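Just so we're clear, the structure is a prediction, and the values are computed from it rather than from any experiment. All residue numbers in this chain count up from 1 along the given sequence.
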Amino acid sequence: MLPMEFVDSHTAGEPTRVILSGGPDLGSGPLSERLRRLATEHDAFRSAVIHEPRGSDVLVGALLLEPQDRECAAGVIYFNNTGYLGMCGHGTIGLVATLAYLGRLGTGQHRIETPVGTVRATLHDNAEISIENVPSYRFRNRVQVLVPGVGAVCGDVAWGGNWFFLVEGAPVDITPANSDKLTEYAWSIRRALQQQKITGAEGAEIDHIEISEPSADADSRNFVLCPGKAYDRSPCGTGTSAKLACLAADGKLAPGQIWRQEGILGTAFTGSYRLQDSSGGRIVPSITGRAYVTAKGYLLLQPEDPFRDGIRI
Ligand code: PYC
């Protein structure tokens with residue numbers, strides 16, 4: 001494998017590693033087809049980039065690709081310590097900050113192709129970045145799941161580019177000091193959802209758990225557990241989109257109204273939505289945040305390295 005050129009950034013505390021070159025050849029088909037090829041034929045690439053010793057469980061990777069639609073500024077596939085993400089909000093903000101840092105994007109609006117659809121991103125003069133996410137919606141309302149050792153937990157199932165189970169009310173305050181307890185709580189909900197076969201549309205696995213509580217400094221504070229048991233350091237772009245879809249469905253947030261979503265570190269995204277043209281209850285969420293570039297370099301994969309493809313546990 002060739003050296004892989006990368007840029008690291010963080011968005012509201014959550015890291016993104018953009019692979020600029022040296023990734024596998026996935027052809028030039030639709031992003032969903034290239035994702036299928038990446039997952040089935042080149043999963044060692046994901047593992048080498050994300051797992052120790054080069055990465056960590058909390059890192060989200062972003063493979064930069066030529067878009068199929070030439071109107072788009074870039075194509076991208078996101079991945080993490082356990083697999084692949086349809087879309088990633090903090091990752092898209094990190095991707096735009098990275099491309100701006102490299103001089104490949106200027107201020108203004110850009111389109112980015114992902115495996116679950118095209119998203120719009122705007123780089124503002126003040127370096128903030130807004131993304132207009134894929135259409136989002138609440139799939140099921142007030143679903144009860146019986147969680148062993150906890151009892152009945154009620155939540156909504158919503159799509160924000162990934163599948164979320166959203167619970168109002170946390171068992172302990174949402175602070176970094178409580179991250180272990182929050183992780184165990186959210187993980188037990190995730191397992192119970194699997195066991196009780198509670199899914200998203202068409203049987204899709206709900207692989208993100210979002211716990212919210214009121215906040216003094218924002219409209220809400222959340223803890224989001226990602227598929228590989230790492231928690232999102234940011235307020236989670238797709239999670240905030242799913243939350244906006246639930247608020248819209250409950251009539252608690254009007255189109256255009258601002259929602260400030262804080263994450264576990266106290267960093268915040270600003271969200272709002274418009275109704276999708278042909279509606280059916282779907283909204284188009286906009287999420288605004290800021291990312292900072294932290295590193296640039298090459299990942300090297302020496303053939304004789306026993307951990308060339310990362311340490312898979
Ligand atoms: O910001 O959408 C997001 C996200 C998903 C997983 C981690 N971050």
Side-chain angles (χ1 to χ4, degrees), residues 7-18 50 55-62 78 80-82 85 87-98 101 124 126-131 133 160-162 164-187 189-190 207-244 258-272 285-295:
V7 172
D8 281 357
S9 62
H10 79 84
T11 306
E14 178 78 348
T16 307
R17 172 168 289 167
V18 178
I50 294 292
S56 80
D57 278 350
V58 71
L59 188 61
V60 170
Y78 295 108
N80 63 14
N81 59 344
T82 183
L85 293 163
M87 193 6 223
C88 183
H90 94 268
T92 305
I93 294 173
L95 172 67
V96 171
T98 293
Y101 169 80
H124 302 282
N126 65 1
E128 283 192 327
I129 292 159
S130 300
I131 58 160
N133 195 5
N162 294 299
F164 287 83
F165 190 73
L166 298 102
V167 178
E168 286 300 325
V172 290
D173 289 345
I174 297 181
T175 62
N178 286 331
S179 63
D180 285 350
K181 286 185 187 132
L182 291 161
T183 296
E184 287 317 314
Y185 178 68
W187 194 249
I189 295 175
R190 165 114 189 258
D207 55 6
H208 290 73
I209 309 296
E210 180 166 344
I211 318 283
S212 299
E213 67 178 16
S215 161
D217 305 316
D219 292 303
S220 162
R221 186 175 178 100
N222 72 16
F223 171 86
V224 176
L225 194 66
C226 298
K229 213 177 177 184
Y231 66 88
D232 198 327
R233 273 59 172 166
S234 84
C236 190
T238 50
T240 301
S241 299
K243 172 85 170 195
L244 295 177
I258 297 293
W259 181 265
R260 260 178 66 77
Q261 183 64 57
E262 217 176 36
I264 187 168
L265 300 183
T267 53
F269 287 157
T270 303
S272 65
S286 290
I287 308 291
T288 300
R290 179 93 203 257
Y292 301 85
V293 167
T294 55

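Here the closest heavy-atom approach between residue I50 and residue G61 is recorded as CD1-N, 3.4 Å. The nearest pair of heavy atoms linking L182 to A170 is CD2-CB, 4.3 Å. Heavy-atom minimum distance, L225 versus A230: CD1-O, 3.7 Å. The two residues V224 and P235 come nearest to each other via the heavy atoms CG2-O, 4.4 Å. Minimum heavy-atom separation, G89 to T238: N-CG2, 4.0 Å. Among all heavy-atom pairs drawn from G239 and L166, the shortest one is O-CD2, 4.3 Å.
One distance of note links CD1 of I209 with OG1 of T183; it measures 11.5 Å at 0.5 Å rounding. With rounding to the nearest 0.5 angstrom, the CG atom of L265 is 9.5 Å from the OG atom of S179. Rounded to the nearest 0.5 Å, atoms OH (Y231) and CG (D180) are 8.0 Å apart. Remark: R233 CZ to T267 OG1 distance equals 11.5 Å, nearest 0.5 Å. Atom NE2 of H208 is separated from atom SG of C226 by 4.5 Å, given to the nearest 0.5 angstrom.
Looking at Y78 and N80, their side chains never come closer than 4.5 Å, going by heavy atoms from C-beta outward. Side chains of T16 and L95 form no contact here, defined as non-hydrogen atoms less than 4.5 Å apart. Contact of the I189 side chain with the I211 side chain is registered, since non-hydrogen atoms from C-beta on lie closer than 4.5 Å. At a threshold of 4.5 Å between non-hydrogen side-chain atoms, the residues F164 and C236 count as touching.
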Worksheet item: Hey, mind stepping through I287 and S241 against side-chain contact (heavy atoms from CB on, under 4.5 Å) and telling me if it holds?
Response: CA-CA 8 Å; I287 308 291; S241 299; 3.9 Å; yes
**Request:** Run the numbers on M87 and T92 for side-chain contact (heavy atoms from CB on, under 4.5 Å), then give the verdict.
**Result:** CA-CA 8 Å; M87 193 6 223; T92 305; 3.4 Å; yes
inquiry  = Applying side-chain contact (heavy atoms from CB on, under 4.5 Å) to F269 and I93, what does each step give before you reach the verdict?
reply    = CA-CA 11 Å; F269 287 157; I93 294 173; 4.3 Å; yes
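Checked by atom type and distance alone, the side chain of N133 pairs as donor or acceptor with a backbone atom of G160 at under 3.5 Å. With H90 contributing its side chain and P15 its backbone, the two residues share a donor-acceptor pair below 3.5 Å. Between the side chain of R190 and the backbone N or O of P227, at least one donor-acceptor pair lies under 3.5 Å. For N222 (side chain) and E210 (main-chain N/O), no donor-acceptor pair under 3.5 Å exists by modelled atom type. Between the N81 side chain and the V58 main chain, no donor and acceptor come within less than 3.5 Å of each other. Counting only distance, with no hydrogens or angles, the side chain of T82 and the backbone of G228 share no donor-acceptor pair below 3.5 Å. Within the 3.5 Å criterion, the main-chain N or O of G237 finds no donor-acceptor partner in the side chain of T240. Formation of a donor-acceptor pair under 3.5 Å by the R221 side chain with backbone atoms of I174 is found in this model. At distances below 3.5 Å, not a single donor-acceptor pair connects side-chain atoms of D8 with backbone N or O atoms of T294. Checking side-chain atoms of E128 against main-chain N and O of R290 turns up no donor-acceptor pair under 3.5 Å.
Atom NZ of K181 sits in a sparse spot, with 12 or fewer heavy atoms from other residues, nucleotides or ligands closer than 6.0 Å.
Evaluated for a side chain to side chain donor-acceptor pair (under 3.5 Å) with S215, the options R260, E262, Q261 yield exactly one hit, E262.
Looking at S234 and D232, their side chains do bring a donor and an acceptor atom within 3.5 Å of each other.
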